[in-house]
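Working notes, structure below.
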2 protein chains.
Amino acid sequence: MSPPPPDGAAAVDMETLLADAPAGHKQELRLWLRLLACANLIEGEVRRRLRLSFDTTLPRFDLLAQLERAGPEGLTLGEVSRRMMVSNGNVTGIAARLVAEGLVARRANPADRRAGALRLTPRGRREFARQSAAHEGWIAELLAGLTPADQAALHRLLGRAKSGALAAIEEASE
Amino acid sequence: MSPPPPDGAAAVDMETLLADAPAGHKQELRLWLRLLACANLIEGEVRRRLRLSFDTTLPRFDLLAQLERAGPEGLTLGEVSRRMMVSNGNVTGIAARLVAEGLVARRANPADRRAGALRLTPRGRREFARQSAAHEGWIAELLAGLTPADQAALHRLLGRAKSGALAAIEEASE
DNA sequence: CCGGAAAGATTTAGGCTTCAAACTTCCGCG
DNA sequence: CGCGGAAGTTTGAAGCCTAAATCTTTCCGG
């Protein structure tokens with residue numbers, strides 16, 4: 001999603017197309033497509049800037065953020081995977097790259113040799129501080145089209161949507 | 001994302017964590033994390049159901065949707081890539097798999113041998129109809145936590161957010 | 001003490017995604 | 001005509017992601 005596909009042509013996304021469609025179609029579908037388009041648009045731009053400014057990726061950034069938040073104790077791989085809401089095996093790979101880059105260190109836990117802790121190295125901490133500051137600015141910039149009141153309202157509605165979806169998922173998997 | 005990671009443990013996502021954070025942090029960031037969490041939650045569930053019910057994926061479904069909407073003329077690869085807002089090379093691979101599965105056919109264009117058209121096969125059309133009906137129901141179900149008024153308000157706010165983000169991206173790339 | 005279930009982590013196979021580099025075909029201009 | 005750039009597509013390298021299988025270590029009940 002990052003860059004409006006290499007060909008610089010006018011992007012006609014699915015959402016725009018559906019708006020023109022025969023209509024009559026479900027309102028929920030239109031809402032969902034817009035939500036998705038909106039999230040993908042912003043996420044893509046953030047990914048692009050992470051790559052251009054810091055030569056890194058969103059998953060790497062997210063993992064560093066988890067470790068920064070976790071403090072000096074660090075986190076196990078499993079804990080990181082739960083917090084990032086991604087699979088276990090996925091974290092193995094991302095962590096391996098960050099270790100190779102010297103931003104993250106693994107320390108064995110003598111009390112439980114299965115679970116080693118992941119921690120930021122000093123360099124990792126410095127690097128994340130730089131990235132994090134830029135990231136926060138980007139988000140503010142990308143959401144600047146909304147007034148604070150809009151932001152609050154959107155936050156509230158998304159909260160409802162999230163709980164509703166969670167309930168639906170919960171119910172479906174019984 | 002899709003399934004609360006294989007380990008069935010309680011998911012503590014980044015958004016929840018940030019809410020607990022020292023506070024004082026930017027409102028935009030909280031909004032963004034919630035938007036992302038919400039979109040990922042729903043998208044993940046849709047992906048999961050597509051896999052379980054139809055043994056397919058979201059990109060495949062999206063590509064079929066584009067072709068269905070396009071009518072009997074079909075679309076070139078480039079046109080599909082623009083509409084799906086993904087890279088050119090990406091569509092090559094997805095289309096190749098759909099062709100191998102017999103849901104999509106390529107037809108050469110004698111007038112321009114570079115650009116062949118992609119079209120649904122009869123089987124592709126039938127299959128998409130099945131998937132599409134289920135998909136629409138899923139979305140309605142997952143968004144059922146919102147009243148129609150909530151949905152309308154959310155749709156409107158997301159429209160503003162999208163335009164604002166587009167403007168910011170536009171401005172940044174000048 | 002010991003045998004099996006449970007937990008943490010890794011591996012494997014397959015798919016999606018991007019960017020950048022190549023390739024083919026088309027088109028316009030000299 | 002013929003050549004160079006533009007357009008459409010493909011390929012390759014790298015990374016992200018999942019589900020499922022596997023391996024190691026721990027824990028617990030008998």
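Residue numbering restarts at 1 for every chain, and letters A, B, ... go by the order of the sequence lines. Worth knowing before you read on, the calculation uses all heavy atoms, side chains too, and leaves out hydrogens, waters and symmetry mates. All values reported here derive from a predicted model rather than from experimental measurement.
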Side-chain donor or acceptor of A:T121 paired with backbone N/O of A:G102 under 3.5 Å | yes
Report the C-alpha separation of B:R49 and B:E141 in whole Å, then their side-chain angles, then the decisive distance to 0.1 Å, and conclude whether the salt bridge (charged side-chain N to carboxylate O under 4.0 Å, His left out) test is met.
-> CA-CA 13 Å; B:R49 294 186 186 191; B:E141 178 188 342; 3.1 Å; yes
In whole angstroms, how far is the P atom of C:dA9 from the CE atom of A:M84?
-> 15 Å
Between B:R123 and B:E101, is there a donor-acceptor pair closer than 3.5 Å when you use the side chain of the first and the backbone of the second?
-> yes
Is there a donor-acceptor pair closer than 3.5 Å between any side-chain N or O of B:T56 and the backbone N or O of B:L50?
-> no
Under 4.0 angstrom, heavy atoms only, what part of the nucleic acid is B:G116 near: base, sugar-phosphate, or nothing?
-> sugar-phosphate
Salt bridge between A:E73 and A:R107, side-chain N to carboxylate O under 4.0 Å?
-> no
Carefully, step by step, assess B:L143 and B:I42 under the rule side-chain contact (heavy atoms from CB on, under 4.5 Å).
-> CA-CA 9 Å; B:L143 293 181; B:I42 297 174; 3.8 Å; yes
Under 4.0 angstrom between B:R51 side-chain N/O and D:dA20 OP1 or OP2 | no
Rounded to the nearest Å, what distance is computed from the CG atom of residue B:L77 to the C1' atom of nucleotide D:dT11?
-> 14 Å
Any side-chain N or O of B:R60 less than 4.0 Å from the OP1 or OP2 oxygen of C:dG14?
-> no
Identify whether any heavy atom of B:T92 sits under 4.0 Å from a base atom; if not, whether one sits that close to sugar-phosphate; answer base, sugar-phosphate or nothing.
-> base
Between A:R47 and C:dT18, does any side-chain N or O lie under 4.0 Å from OP1 or OP2?
-> no
Given DNA chain D, 5'-ward residue of the pair B:N90 and B:A115, judged by closest heavy atom | B:A115
Minimum-distance nucleotide to B:I94 side chain [options: C:dC16, D:dC16, C:dT10] = C:dC16
Report the distance from atom CG of B:L52 to atom C1' of D:dT18, rounded to the nearest whole Å.
-> 12 Å
Taking atom P of D:dC16 as reference, at what distance in whole Å does atom CG of A:D62 sit?
-> 11 Å
Would you mind reading off the distance between A:R83 atom CZ and C:dG8 atom P, rounded to a whole angstrom?
-> 14 Å
To the nearest Å, give me how far apart CZ (A:R107) and P (C:dA9) are.
-> 13 Å
When the distance from CG of A:L98 to C1' of D:dC16 is rounded to whole Å, what number comes out?
-> 13 Å
Carboxylate-amine/guanidinium proximity below 4.0 Å for A:R119 and A:E68 = no
Would you list the protein and nucleotides 26-28 of chain D atom pairs, both N or O, that sit under 3.5 Å from each other?
from, atom 1, to, atom 2, distance (Å)
D:dT26, OP1, A:R113, N, 3.0

Which part of the nucleic acid does B:L58 contact within heavy-atom distance under 4.0 Å: base, sugar-phosphate only, or nothing?
-> nothing
Figure out the CD/P separation between A:E79 and C:dA7, and round it to whole Å.
-> 14 Å
